[in-house]
Undergrad: 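Following this message is one structure expressed as structure tokens.
By convention here, the first residue in the shown sequence is residue 1.
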Amino acid sequence: MFHVLSIFSLTLAGLCAAWITVDVFRRPQHMAVMNVVWPVTALYFGPVAVWAYLRFGRPQSHAAMQEKQKAGNQQKKDESLHWNQVAVATSHCGAGCTIADIVTEFTLFALSATLFGSELWAKFVWDLAAAWLVGIVFQYFSIKPMRNLSVGEGIVAAIKADTFSILAFQVGMYGWMAFVYFVLFPQSHLKAVQPEYWAMMQIGMICGFFTSYPMNWWLVQSGLKEKMG
């Protein structure tokens with residue numbers, strides 16, 4: 001039953017990601033990096049990501065933003081910080097971690113890599129390094145155009161914006177991974193080629209999203225990270 005549920009969860013998430021991918025091709029986001037962030041978010045949030053995309057993503061498409069400009073909306077700009085703006089900002093971190101983990105987990109499995117005799121510690125080290133690097137890239141292409149920064153300034157700003165966010169994300173994800181490794185499957189550890197492994201990783205990503213959310217609120221509120229939407 002667990003095997004069947006895992007396949008169902010991954011298939012549903014894959015379909016959600018595919019649908020969003022098709023839609024962003026038809027309605028490209030005003031901020032190009034979100035064309036990647038939204039589908040990747042669906043890989044672990046599934047239908048929730050589709051709802052969020054329809055509610056908060058489509059209104060930020062390039063065409064929708066142009067329509068708003070043509071309409072000459074004179075409504076006073078809302079300077080307050082809203083939960084959905086932080087959630088979308090957090091999704092940058094989640095997307096970077098997701099892409100990095102998919103690549104890293106399969107690579108480590110192929111290499112049978114371990115650290116201190118444990119594959120879990122090797123995953124912790126290399127997942128963090130890869131997630132940080134990919135996260136910086138995502139933040140760079142978010143912050144640089146919004147602030148009109150030079151390449152060097154954009155890299156520095158991206159590092160400041162994403163380092164603590166990634167660390168907070170990994171707290172939730174690593175906590176869940178350790179629980180799965182030591183408690184749920186202490187003898188026959190799940191492998192990256194099993195659908196059960198990735199179903200558990202979906203939960204880990206969701207845990208990471210929620211542990212990273214308060215940090216992202218602070219980062220956005222302090223100006224280190226940009227409001228999204």
Undergrad: Looking at CG of Leu15 and CG of Leu10, how far apart are the two atoms once the value is rounded to the nearest 0.5 Å?
TA: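 Here the rounded value is 11.0 Å.
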Undergrad: Please check if the side chain of Ser91 supplies one atom and the backbone of Val88 the other of a donor-acceptor pair under 3.5 Å.
TA: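 Judged by distance alone, yes, a pair lies under 3.5 Å.
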Undergrad: Establish, yes or no, whether a centroid distance under 6.0 Å links the rings of Trp38 and Tyr53.
TA: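 Centroid distance Trp38-Tyr53: below 6.0 Å, so yes.
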Undergrad: The test is side chain to side chain contact (heavy atoms under 4.5 Å, CB included); show your working for Thr98 and Tyr44 and say whether it passes.
TA: CA-CA 8 Å; Thr98 301; Tyr44 60 96; 3.4 Å; yes
Undergrad: Could you list all the salt bridge (charged side-chain N to carboxylate O under 4.0 Å, His left out) pairs where at least one residue sits in residues 36-45, not counting sequence neighbours?
TA: none
Undergrad: Is there a path from Phe179 to Phe169 through hydrophobic residues (I, L, V, M, F, W, Y) whose side chains come within less than 4.5 Å of each other?
TA: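 Phe179 clusters together with Phe169.
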Undergrad: Enter the distance from Leu133:CG to Leu128:CG here, rounded to the nearest 0.5 Å.
TA: 9.5 Å
Undergrad: Please say yes or no: joined through hydrophobic side-chain contacts below 4.5 Å, possibly via intermediate residues, are Val183 and Met200 part of one cluster?
TA: yes
Undergrad: Taking all atoms of both residues into account, what is the closest heavy-atom pair of Cys16 and Val50, and its distance?
TA: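 Taking every non-hydrogen atom into account, CB-CG2, 3.6 Å.
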Undergrad: Ile102 versus Met201: any side-chain heavy-atom pair under 4.5 Å?
TA: no
Undergrad: Can you establish whether the number of heavy atoms outside His189 located under 6.0 Å from its atom NE2 is more than 12?
TA: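 Yes, enclosed.
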Undergrad: Test side chain to side chain donor-acceptor pair (under 3.5 Å) on Thr163 and Trp132; report intermediate values, then the result.
TA: CA-CA 7 Å; Thr163 298; Trp132 185 76; 3.0 Å; yes
Undergrad: Show, in sequence, the C-alpha distance, side-chain angles and deciding distance for Phe138 and Val36, and conclude whether the side chain to side chain contact (heavy atoms under 4.5 Å, CB included) test is met.
TA: CA-CA 9 Å; Phe138 273 56; Val36 178; 3.8 Å; yes
Undergrad: How far apart are the closest heavy atoms of Leu149 and Ala157, and which atoms are they?
TA: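 Nearest heavy atoms, Leu149 then Ala157: CD1-CB, 4.0 Å.
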Undergrad: May I ask you to test the His3-Glu196 pair for a side-chain heavy-atom distance under 4.5 Å?
TA: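 A side-chain contact exists here, since the closest heavy-atom pair is under 4.5 Å.
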Undergrad: What orientation do Trp83 and Phe56 show, parallel under 30°, tilted 30 to 60°, or perpendicular over 60°?
TA: perpendicular
Undergrad: Side-chain heavy atoms under 4.5 angstrom apart, residues restricted to Ile, Leu, Val, Met, Phe, Trp, Tyr: same cluster for Ile206 and Val48?
TA: yes
Undergrad: Under a 4.5 Å side-chain heavy-atom rule over Ile, Leu, Val, Met, Phe, Trp and Tyr, are Met177 and Leu115 clustered together?
TA: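 Yes.
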Undergrad: Is there a donor-acceptor pair under 3.5 Å between the side chain of Ser9 and the backbone N or O of Ser6?
TA: no
Undergrad: Considering residues at least two apart in sequence or located in another chain, which fulfil the salt bridge (charged side-chain N to carboxylate O under 4.0 Å, His left out) criterion with Glu105?
TA: Lys123
Undergrad: Using side-chain heavy atoms (C-beta onward) and a distance below 4.5 Å, is Met215 in contact with Leu167?
TA: no
Undergrad: Can you tell me how far CD1 of Ile99 sits from CG of Leu43, rounded to the nearest 0.5 angstrom?
TA: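 So the CG of Leu43 and the CD1 of Ile99 are separated by 8.5 Å.
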Undergrad: Would a distance-only check, ignoring hydrogens and angles, find a side-chain to backbone donor-acceptor pair under 3.5 Å from Asn35 to Gln29?
TA: yes
Undergrad: Restricting to non-hydrogen atoms, name the atom on Gly172 and the atom on Thr211 that form the minimum distance, rounded to 0.1 Å.
TA: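 The pair with the smallest heavy-atom distance is N-OG1, 3.2 Å.
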Undergrad: Would you indicate whether Phe116, at its atom CZ, is surrounded by more than 12 heavy atoms from other residues, nucleotides or ligands within a distance under 6.0 Å?
TA: no
Undergrad: Does Phe124 offer a backbone N or O that forms a donor-acceptor pair with the side chain of Tyr174 under 3.5 Å?
TA: yes
Undergrad: Return the CG to NZ distance between Asn216 and Lys225, rounded to the nearest 0.5 Å.
TA: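 Going from CG on Asn216 over to NZ on Lys225, the span is 3.5 Å.
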Undergrad: Could you check whether Trp218 and Tyr213 have their ring centres less than 6.0 Å apart?
TA: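 No, too far apart.
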Undergrad: Taking the side chain as every heavy atom from C-beta outward, state whether Val37 and Met34 have any pair of such atoms under 4.5 Å apart.
TA: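 Heavy-atom side-chain distance check passes, below 4.5 Å.
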Undergrad: For a quick test of reading the model, state the closest non-hydrogen atom pair linking Pro59 to Leu54 and the distance between them.
TA: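 The answer is CD-O, 3.8 Å.
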Undergrad: Could you check whether any side-chain heavy atom of Ser118 comes within less than 4.5 Å of a side-chain heavy atom of Thr114, counting everything from C-beta outward?
TA: no
Undergrad: Kindly say whether Val86 contributes a backbone atom to a donor-acceptor pair with the side chain of Thr90 at under 3.5 angstrom?
TA: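 Side chain of Thr90 to backbone of Val86: a pair is present.
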Undergrad: Heavy-atom count check: over 12 atoms from other residues, nucleotides or ligands less than 6.0 Å from Tyr140 OH?
TA: yes
Undergrad: Within the 4.5 Å heavy-atom criterion, are Val180 and Tyr197 side-chain neighbours or not?
TA: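 No, too far: nothing below the 4.5 Å cut-off.
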Undergrad: For the rings on Phe106 and Trp198, is their centre-to-centre separation under 6.0 Å?
TA: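 Yes: the rings meet the under 6.0 Å criterion.
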Undergrad: If I take atom CH2 from residue Trp217 and atom OG from residue Ser212, how far apart are they, to the nearest 0.5 angstrom?
TA: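 Answer rounded to 0.5 Å: 14.0 Å.
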Undergrad: Does one hydrophobic cluster hold both Met31 and Ile143, with members joined at side-chain heavy-atom distances below 4.5 Å?
TA: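 Met31 does not cluster with Ile143.
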Undergrad: I want to check something: taking the side chain as every heavy atom from C-beta on, are Lys191 and Glu119 in contact at a cut-off of under 4.5 Å?
TA: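 Contact flag for Lys191/Glu119 side chains = yes.
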Undergrad: Can you check whether Glu153 reaches Arg147 side chain to side chain, under 4.5 Å on heavy atoms?
TA: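 No; the side chains remain at least 4.5 Å from each other.
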Undergrad: To the nearest 0.5 Å, what is the distance between CH2 on Trp176 and CE on Met205?
TA: 13.5 Å
Undergrad: Return the minimal non-hydrogen interatomic distance between Val134 and Ala100, and the atom names on each side.
TA: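 Distance-wise, the nearest heavy atoms are CG2-CB, 4.1 Å.
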Undergrad: Tell me the closest heavy-atom pair linking Phe109 and Ala192, and the distance in Å.
TA: CB-CB, 4.1 Å
